[in-house]
Amino acid sequence: MKIITDEACASYSHPGHPERPERISRTLERLRAQKDLTITWAAPEQIQEEMLLRAHSPEHLARLTEPSDFDPDTPFFPRIADYARASVGAALAALKAARAGETVFSLMRPPGHHATRTRAMGFCYLNNIAITALEALATGTKRLAVFDFDVHHGNGTEAILLNKSGACFFSIHQYPCYPGTGTRNLGNNVFNYPVAPQTPRAEYRHVLTSALEHLSEMRPELVAVSAGFDCYARDPLAQGTLEVEDFYWLGQCLRGLGVPVFSLLEGGYSNDLPELILAYLKGLEGE
């Protein structure tokens with residue numbers, strides 16, 4: 001198991017904001033203390049501007065350096081552009097590791113799946129997974145699937161990848177819920193699976209299974225996962241119903257696809273996040 005991380009990503013915070021440094025620091029503590037997985041650690045890659053510009057406008061990249069908040073949920077922080085770029089760099093390192101046959105997880109913040117081509121929103125500044133998916137397609141991958149199990153719809157990823165040749169996007173998310181999108185399929189490659197608040201756990205797992213079966217039918221040669229752990233039953237930001245065992249099961253299912261998979265941390269705001277991530281990693285690794 002390879003973990004891509006940089007502890008500097010815990011260097012910014014806003015009082016009372018749920019996307020807080022402890023999401024990373026406490027997970028690092030848990031992963032370093034556990035004995036079940038053998039973990040190798042790696043740092044983010046350097047990124048090139050052209051990679052960002054496949055997914056984002058030049059104006060958006062410039063806006064990240066302007067010292068004013070993006071919306072009430074998405075504050076400006078000094079050096080937020082650098083932190084966001086490092087999160088992209090970790091995603092690119094995860095792509096490289098997956099292509100080399102490694103099981104890999106990017107443990108970084110900020111998350112990315114709400115960021116659109118022109119806008120930071122929903123705690124997200126750059127769309128890590130969309131940037132990395134487009135880099136994969138530009139460097140030889142013919143068929144790629146993005147699987148997003150964050151409880152909030154990955155509206156930014158959807159918008160960036162919509163009708164993109166070689167890519168397909170699967171999102172399983174709560175609706176109604178922020179950001180209010182993802183109610184139906186779009187174009188020829190966007191497949192949305194909305195679930196109602198407080199959907200019974202077994203039914204939620206059935207929806208996830210259906211999405212994974214659909215994804216498998218597309219026969220991707222690479223799968224990129226937006227791993228959001230806020231569909232957990234005790235997450236404070238939504239009304240999901242999954243338990244820790246379900247994240248282990250999700251990891252097993254993704255391993256069972258039999259193709260390279262890389263996962264990027266998106267949401268997850270409960271104090272149990274370290275245990276949820278560890279369970280998912282054990283499933284991915286086959287432990």
Side-chain angles (χ1 to χ4, degrees), residues 4 6 8-9 12 43-71 74-99 106 108-148 150 153-169 171 179 181 186-190 220-226 262-266:
I4 316 294
D6 179 356
C9 77
Y12 68 93
E45 301 244 317
Q46 293 297 311
I47 64 171
Q48 299 171 356
E49 201 78 0
E50 67 186 44
M51 299 173 179
L52 304 181
L53 290 169
R54 293 192 190 107
H56 295 289
S57 68
E59 293 78 13
H60 175 64
L61 300 185
R63 172 65 179 88
L64 294 181
T65 65
E66 296 174 11
S68 60
D69 290 348
F70 300 91
D71 63 30
T74 314
F76 174 85
F77 299 96
R79 297 191 58 221
I80 190 60
D82 294 335
Y83 296 125
R85 286 167 183 255
S87 205
V88 172
L92 293 167
L95 166 63
K96 179 184 285 188
R99 281 175 157 173
S106 172
M108 291 285 285
R109 58 191 287 265
H113 72 152
H114 293 308
T116 71
R117 178 170 172 76
T118 59
R119 182 183 174 196
M121 60 181 287
F123 317 162
C124 302
Y125 301 86
L126 294 172
N127 197 307
N128 310 315
I129 204 151
I131 292 166
T132 307
L134 294 174
E135 171 66 11
L137 292 171
T139 53
T141 298
K142 302 300 183 189
R143 294 189 311 281
L144 173 142
V146 175
F147 184 77
D148 186 334
D150 190 289
H153 179 239
N155 60 297
T157 311
E158 173 184 275
I160 292 166
L161 296 183
L162 179 63
N163 291 330
K164 176 66 179 177
S165 178
C168 50
F169 176 63
S171 180
T181 51
L186 293 176
N188 59 22
N189 70 336
V190 167
E221 59 196 71
L222 178 68
V223 175
V225 182
S226 274
F262 65 94
S263 302
L264 314 182
L265 178 63
E266 298 283 3

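In this text the structure is predicted, and so the values were computed from the model without any measurement.
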The complete set of salt bridge (charged side-chain N to carboxylate O under 4.0 Å, His left out) pairs with one or both residues in residues 122-139, sequence neighbours excluded, reads Arg54-Glu135

Task: By ring-ring contact (aromatic ring centres under 6.0 Å, His included) - contacts of Tyr125 (at least two apart) - done: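 Tyr125: ring-ring contact (aromatic ring centres under 6.0 Å, His included) contacts with Phe70.
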
Fill in: Sequence-distant partners of Phe123, ring-ring contact (aromatic ring centres under 6.0 Å, His included), two or more places apart
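Only His17, Tyr269 meet the ring-ring contact (aromatic ring centres under 6.0 Å, His included) criterion with Phe123.
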
Could you pull out all residues at least two apart from [X] that satisfy side chain to side chain donor-acceptor pair (under 3.5 Å)?
{"X": "Asp82", "result": "Arg79"}
{"X": "Ser106", "result": "none"}
{"X": "Arg143", "result": "none"}
{"X": "Glu49", "result": "Arg85"}

- request: Determine the sole option in Leu161, Thr157, Leu162 for which the side-chain contact (heavy atoms from CB on, under 4.5 Å) test with Val190 is passed.
  value: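 Answer to the side-chain contact (heavy atoms from CB on, under 4.5 Å) test with Val190 among Leu161, Thr157, Leu162: Leu162.
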
Not counting sequence neighbours, which residues clear side chain to side chain contact (heavy atoms under 4.5 Å, CB included) with [X]? List them please.
{"X": "Arg99", "value": "Leu95, Ala136, Thr139, Thr141"}
{"X": "Ala159", "value": "none"}
{"X": "Ala43", "value": "none"}

Give every residue pair that meets the side chain to side chain donor-acceptor pair (under 3.5 Å) criterion with at least one member in residues 159-168, sequence neighbours excluded.
->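 For residues 159-168: none.
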
Side-chain donor/acceptor pairs under 3.5 Å, residues 109-117, sequence neighbours excluded:
from: Arg109; atom 1: NE; to: Glu19; atom 2: OE1; distance (Å): 3.2
from: Arg109; atom 1: NE; to: Glu19; atom 2: OE2; distance (Å): 2.9
from: Arg109; atom 1: NH1; to: Cys9; atom 2: O; distance (Å): 2.8
from: Arg109; atom 1: NH1; to: Tyr12; atom 2: O; distance (Å): 3.0
from: Arg109; atom 1: NH2; to: Tyr12; atom 2: O; distance (Å): 3.2
from: Arg109; atom 1: NH2; to: Glu19; atom 2: O; distance (Å): 2.9
from: Arg109; atom 1: NH2; to: Glu19; atom 2: OE1; distance (Å): 3.4
from: His113; atom 1: ND1; to: Asp148; atom 2: OD2; distance (Å): 2.7
from: His114; atom 1: ND1; to: His153; atom 2: O; distance (Å): 3.2
from: His114; atom 1: ND1; to: Asn155; atom 2: OD1; distance (Å): 2.7
from: Thr116; atom 1: OG1; to: Thr118; atom 2: N; distance (Å): 3.3
from: Thr116; atom 1: OG1; to: Arg119; atom 2: N; distance (Å): 3.1

